[in-house]
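Only heavy atoms go into these numbers, but all of them, side chains included; no hydrogens, no water, no symmetry mates. Atoms within a ligand are numbered from 1 in the order they appear, just like the ligands themselves.
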Amino acid sequence: MDIQLNQVGYTYGKGTPFEHRALKNVSLHIPYGSYIAIIGHTGSGKSTLIQLLNGLLQPTEGTLQVGDFKLPVKRQKGLQRLRQQVGLAFQYPEYQLFEESVAKDVAFGLKNMNVPQELISARVREALGLVGLDVAEYADKSPFALSGGQMRRVALAGVLVMNPKILVLDEPTAGLDPSGHHEILEMVTRIHREEKRTTILVTHSMEDAAHYADYLYVMNEGTVWMEGTPGEVFKDPVRIQQAGLELPEITRFIMRFNEMQAAVRPDLSPIPHDIFDTAVLVDELSRRMRKGGEGR
Ligand SMILES: Nc1ncnc2c1ncn2[C@@H]1O[C@H](COP(=O)(O)OP(=O)(O)OP(=O)(O)O)[C@@H](O)[C@H]1O
Ligand SMILES: [Mg+2]
């Protein structure tokens, strides 16, 4: 179930005084099973782009295809099928929790599809398991009695319960403390590895994009400004800065290290700039230290 966008554009309030062209000429191809990050400054079009993927918005220019589903469509019929396959978790998804118990909230989407109750219970258990919440402990609790991080897990379980082939997360860590932030991203990454579905992460964090995703799209003023693996994207700091973004901290460190090393020991090889994992960088530095400055 690949995603393909051909010259897609989206204009809000077309034909009104508030008309705003939020996306233009967006062409991209996301193969099934990819782990993608979409990054870009505020207002660059990230949320607009992902709402097109499940038909919540329809392109006002160009065409889009998700699996065999093509947009725009004239009739709303059939969009339901697309929405089951593309699970979209908005920013602060816990604001949409409303049921009296965790189990009922997670079950909401399935209930609407008239799925039999026994099947619902099994799927709810499975979805809560995926987000690391024990059914026996949480099923009957009020979602409003939980911590912020737990509420977010419940909300994500409500998306996962539909078993979407494509999981799209808009800033899933917004507003969480550093440990909640880390836990949610580790969880999303684990689910991606186990389930092999396409994962699309919208994030403001260059660190997270580089560390977790295999392929990045950098949005700038409604266009795809850059795309590639983290190594490809972050090797062009000037273009990144033109998009109003910064390099990941680890990349800035490596670039500075290489500059200083080149000044004092031009004979030594630079550290590759496509290291985004601190543990890998530490290994690389200690390997160099052990070699006593041979540096290769
Ligand atoms: N409902 C709307 N009506 C009119 N303009 C809108 C609407 N929603 C978004 N926009 C505008 O479209 C542009 C893209 O918005 P979008 O929400 O896609 O950006 P974003 O990259 O998700 O930003 P953020 O990082 O702040 O979430 C912005 O200029 C925004 O003001
Ligand atoms: Mg947004």
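- Side-chain N/O atoms of H41 and N220 include a donor and acceptor closer than 3.5 Å.
- For H41, the closest heavy-atom approach to ligand 1 falls below 4.0 Å.
- The aromatic rings of Y10 and Y12 lie perpendicular to each other, with more than 60° between the two planes, well past the 30° mark.
- The CE atom of M206 lies 9.0 Å from the CG atom of L216; values are rounded to the nearest 0.5 Å.
- Close N/O approach between G45 and ligand 1 is found [any backbone or side-chain N/O within under 3.5 Å].
- For ligand 1, one of its N or O atoms has an N or O atom of G43 under 3.5 Å away.
- Among the backbone and side-chain atoms of T42, no N/O/S atom is found under 2.8 Å from the Mg ion (ligand 2).
- Residue S44 has at least one N or O atom closer than 3.5 Å to an N or O atom of ligand 1.
- In this structure, atom 28 (C) of ligand 1 has a protein heavy-atom contact shorter than 4.0 Å.
- A cation-pi geometry, defined here as NZ or CZ lying under 6.0 Å from the six-membered ring centre and within 45° of its normal, does not hold between K111 and F108.
- At a heavy-atom cutoff of 4.0 Å, ligand 1 is contacted by the side chain of H204 but not by its backbone.
- Distances from atom 24 (P) of ligand 1 to the protein include at least one heavy-atom value under 4.0 Å.
- Side chains of T198 and Y35: no donor on one and acceptor on the other come within 3.5 Å.
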Starting from the C-alpha separation in whole Å, work towards a yes-or-no answer on side chain to side chain donor-acceptor pair (under 3.5 Å) for N258 and H273. CA-CA 9 Å; N258 286 340; H273 69 268; over 6 Å; no

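- Not a single heavy atom of G13 sits under 4.0 Å from any atom of ligand 1.
- Under 4.0 angstrom from ligand 1, the non-hydrogen atoms of H20 all belong to its side chain.
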